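Please read the structure below before turning to the comments.
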Amino acid sequence: MSRKIEQTLSIIKPDAVERNLVNEIKEIFLKNNLIIKDSKKIHITKEEAAEFYKVHQSKPFYNDLCTYLSSGPIVVMILEGENAILNNRKLMGSTNPKDAEEKTIRKLYGISIDKNSVHGSDSMENAKKEIEFFFK
Ligand code: UDP
Ligand code: MG
């Protein structure tokens, strides 16, 4: 039996940091077989947000998204565990909190499709890149 230990990048976005939800969200990860290998609270510039989210540069929401991610402190974390990438995405729930499954982070805490409380890497390749972006 192969055990796929992965690392993924998680971000607690400004809306959740502002509402003091960091510990509650971290608890959800810890209760669901994810270890927090590293964590830091930072406030990034709009240019850094634009670089981080550049896969979305052609989207209509790109500019607002970059303004938003740089609007206040965020907490960036390396999460590690078995199938960490998919596990984290499931714990987050759908992009739009309105569509998110019960008990997911976005269902519990998300305000709107843009203020949806968390980011999580969506693939092995992006997880590597995103961890590198914030921690190397
Ligand atoms: N987003 C938005 N409007 C949209 C779609 C996405 O503001 O119509 C924001 C939202 O904050 C989302 C981020 O852009 O988390 C990245 O979008 P993606 O489709 O990658 O969603 P995610 O992977 O975060 O679920
Ligand atoms: Mg995404």
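We count ligands from 1, going down the list as the structure has it; atoms in each ligand are counted the same way. Just so we're clear, the structure is a prediction, and the values are computed from it rather than from any experiment.
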Within 45 degrees of the axis of the six-membered ring of F135 and under 6.0 Å from its centre: does K40 put its NZ or CZ there? yes
Least distance between heavy atoms, A49 atom then S70 atom: CB-CB, 4.4 Å
Minimum distance, heavy atoms only, to atom 21 (O) of ligand 1: which one of D15, T95, I11 is it? T95
Side chain to side chain contact (heavy atoms under 4.5 Å, CB included) between F134 and I42: does it pass, once the steps are laid out? CA-CA 10 Å; F134 284 111; I42 56 178; 3.7 Å; yes
Closest to atom 20 (O) of ligand 1 (judged by heavy-atom distance), picking from H56, H119, K13: H56
Within the 4.0 Å heavy-atom shell around R89, which atoms of ligand 1 are there? 22 (P), 23 (O), 25 (O)
Interfacing atoms of ligand 1 (cut-off 4.0 Å, heavy-atom, D114): 7 (O), 11 (O)
Closest non-hydrogen protein atom to atom 10 (C) of ligand 1, residue and atom name please, with distance? I113 O, 3.2 Å
Any heavy atom of L65 under 4.0 Å from ligand 1? The part involved is side chain
Any Lys/Arg nitrogen of K129 or E125 sitting under 4.0 Å from an Asp/Glu carboxylate oxygen of the other? yes
Students should be able to answer this: which protein heavy-atom is nearest to atom 5 (C) of ligand 1, and at what distance? F61 CE2, 3.4 Å
Please work out which of the three classes, parallel, tilted or perpendicular, describes the rings of F52 and H119, given edges at 30° and 60°. perpendicular
Specify the closest pair of heavy atoms between R106 and V118, including all atoms of both residues, with the distance to one decimal. NH2-O, 2.8 Å
Option set R106, M92, K59, criterion heavy-atom distance to atom 24 (O) of ligand 1, minimum: R106
Does only the side chain of N116 get under 4.0 Å from ligand 1, or the backbone, or both, or neither? Count heavy atoms. side chain
When E130, E80, K37, K128 are each screened for side chain to side chain donor-acceptor pair (under 3.5 Å) with Q7, the one that passes is E80
